[in-house]
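Heads up, the thing below is written out as structure tokens.
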Amino acid sequence: MEKLKQWSKKNAVVIVLFILIIFFGIANKTFLTPTNIINITAQMSINALLCVGITYVIITGGIDISIGSVAAFAGIFAAYLGLKFPDAPLVIILLIQIGSAVLIGGICGLFNGIMIAKFKVVAMIATLAMMTMARGLAYVITDGQPVYGLPDSFAWLGAGRLLKTESVPLGIIPIITIFTIIIVVLMHILLTKTVFGRHVFAVGSNEKVAHLSGINVDWVKIRAHIICSIMAALGGVCVTSKLNNGQPAACDAYEMYAIAATVLGGTSFLGGIGSVLRAMIGCAIIAIINNGMNLMQISSYWQKVIMGLIILLAVIVDMAQKREKN
């Protein structure tokens, strides 16, 4: 019984995931259909990309509340570049999308990292400044108007599907799901199998000890923020691709969902503890709740209330874990 109790405590988030699946499966027959399950994987992909990046930052003991705005800015930037090449082949469009994410995300992440690591600005304040600037730039560039007229190939990454059949002419497997799985696996390997990944955990566990061990703490923090912003920018580009237009108001409050999912997955605000794969479990929980509430036709206003409670629950769980360790 003691072993079962310990396992249950360690894997509480997995238990919650299965309870939610059973509950919504009973509440609505559509929930467990293959079509809906595939749709859930596509719906959670954007949040998953943001979760991957912010996991690195939170493990170092930091926070980044700018990722939603960075995502919107990168999406707008990619959309404008897409307009410049209306007849470009798919490969060029993909290079534009991914290149835009790396460029915008890299610049924004570098700014955040330098402000936090070199100028010692509190992470919340530094990323709040970036959140305001990135969102403002998205509105300045577009003059507050959506960016329309993108080529059809621009939608391939966000809305395209593979395995087309006569009965399902649009395809079965969302390309965005495959893309997200590839990114998640690569970022998991980077965090768990490389020297940089070990340094991320070391900095989050104890900065002073990490510094005395010869780790360049500032550079680790800067790289973690660059990764975080690039992942956010990839998410923003995928949103623009999915809609096939650029929206300056896109990805509003996405940072809250990403933080909640990451903490639900076991990444601690204390730093030094976290996992990309377990963050995906938290991400799946939020996606399932959203999908289930939509199928049950629960008001979108109540959905916001429930998601707020989930965010609060994630913080309470994290605080309880801190007290237990102390």
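The distance from the CD atom of Gln97 to the OG atom of Ser153 is 8.0 Å, given to the nearest 0.5 Å. Here the OG atom belonging to Ser229 is positioned 5.0 Å from the CG atom belonging to Asp64, to the nearest 0.5 angstrom. In this structure, Ile227 CD1 and Met187 CE are separated by 4.5 Å, a value rounded to the nearest 0.5 Å. A distance of 7.5 Å separates CD1 of Ile21 from CG of Leu32, quoted to the nearest 0.5 Å. A distance of 12.0 Å separates CG of Leu270 from CD1 of Ile58, quoted to the nearest 0.5 Å. We find the OH-CG distance between Tyr257 and Asn47 to be 9.0 Å, quoted to the nearest 0.5 Å.
Between Met124 and Ile63, the shortest heavy-atom contact is N-CG2, 4.0 Å. Ala72 and Pro248 get closest at one heavy-atom pair: CB-O, 4.0 Å. Scanning all heavy atoms of the two residues, the minimum distance from Ile76 to Gly246 falls at CD1-C, 3.6 Å. Of all the heavy atoms in Ala48 and Thr180, the pair that sits closest is CB-CG2, 3.7 Å. The two atoms that bring Met296 and Ala27 nearest to each other are SD-CB, 4.0 Å, heavy atoms only. Looking at every heavy atom in both residues, Val239 comes nearest to Ala250 through CG1-CB, 4.3 Å.
A search for ring-ring contact (aromatic ring centres under 6.0 Å, His included) contacts involving Phe31 returns Phe24, not counting sequence neighbours. Every residue two or more places apart in sequence or in another chain was checked for a side chain to side chain donor-acceptor pair (under 3.5 Å) with Thr132, and none qualifies.
The side-chain heavy atoms of Met293 and Ile289, taken from C-beta on, include a pair separated by under 4.5 Å. Side chains of Asn28 and Asn36 form no contact here, defined as non-hydrogen atoms less than 4.5 Å apart. Side chains of Thr60 and Phe201 form no contact here, defined as non-hydrogen atoms less than 4.5 Å apart. Contact annotation: the side chain of Phe111 never approaches that of His225 to less than 4.5 Å [non-hydrogen atoms, C-beta and beyond]. In this structure, Ile59 and Leu191 have side chains that are in contact, with non-hydrogen atoms separated by less than 4.5 Å. Counting heavy atoms from C-beta on, the side chains of Gln303 and Asn290 come closer than 4.5 Å. In this structure the side chain of Ile215 reaches within 4.5 angstrom of the side chain of Val220, judged on heavy atoms. Contact annotation: the side chain of Glu255 approaches that of Met131 to within less than 4.5 Å [non-hydrogen atoms, C-beta and beyond].
Hydrophobic clustering, with ILVMFWY side chains joined whenever heavy atoms are under 4.5 angstrom apart, groups Phe18 together with Ile285. Connection of Ile288 to Ile46 is not established within any shared hydrophobic cluster, with ILVMFWY side chains joined at heavy-atom distances below 4.5 Å, either directly or through further cluster members. Put simply, Leu190 and Leu186 are part of the same group of oily side chains (I, L, V, M, F, W, Y) that touch within less than 4.5 Å, one to the next. A continuous path of hydrophobic side-chain contacts links Leu95 to Phe77 [ILVMFWY only; heavy atoms under 4.5 Å]. Tracing side-chain contacts under 4.5 Å through hydrophobic residues (I, L, V, M, F, W, Y), one never reaches Met256 starting from Ile281; they form parts of separate clusters.
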Checklist entry - Where do Phe73 and Ile141 land on the side chain to side chain contact (heavy atoms under 4.5 Å, CB included) test, with the steps shown first? => result CA-CA 9 Å; Phe73 182 34; Ile141 291 173; 3.4 Å; yes
Next on the checklist: Let's go through Val13 and Arg278 carefully: what are the C-alpha distance in whole Å and the side-chain angles of both, what is the deciding distance for side chain to side chain contact (heavy atoms under 4.5 Å, CB included) to 0.1 Å, and is it a yes or a no?
Outcome noted: CA-CA 9 Å; Val13 67; Arg278 289 188 70 86; 3.4 Å; yes
Checklist entry - Does the side chain to side chain contact (heavy atoms under 4.5 Å, CB included) test come out yes or no for Val147 and Asn245, once each step is laid out? => result CA-CA 5 Å; Val147 180; Asn245 63 74; 5.7 Å; no
Next on the checklist: Working note: Ile175 + Arg161, criterion side chain to side chain contact (heavy atoms under 4.5 Å, CB included); need CA distance, chi angles, decisive distance, verdict.
Outcome noted: CA-CA 5 Å; Ile175 292 168; Arg161 294 194 172 216; 5.6 Å; no
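Environment of NZ in Lys193: sparse, with no more than 12 heavy atoms of neighbouring residues, nucleotides or ligands closer than 6.0 Å. Sparse packing is recorded around CG of Asp152, with 12 or fewer heavy atoms of other residues, nucleotides or ligands lying under 6.0 Å away.
Screening Leu50, Val57, Thr127 for a side chain to side chain contact (heavy atoms under 4.5 Å, CB included) involving Ile67 leaves a single residue, Leu50.
Under the 3.5 Å distance criterion, with hydrogens and angles disregarded, no donor-acceptor pair is assigned to the side chains of Thr55 and Thr267. Side-chain contact check for Thr33 and Thr35: no donor-acceptor pair (N or O, by modelled atom type) lies under 3.5 Å. There is no side-chain donor-acceptor pair under 3.5 Å between Asn39 and Asn291.
With hydrogens and angles ignored, the 3.5 Å screen pairs a side-chain donor or acceptor of Asn206 with a backbone N or O of Lys208. A donor-acceptor pair under 3.5 Å is absent between the side-chain atoms of Ser241 and the main chain of Val237, judged by distance alone.
For Arg223 and Asp218, the salt-bridge test fails: no basic side-chain N is under 4.0 Å from an acidic carboxylate O.
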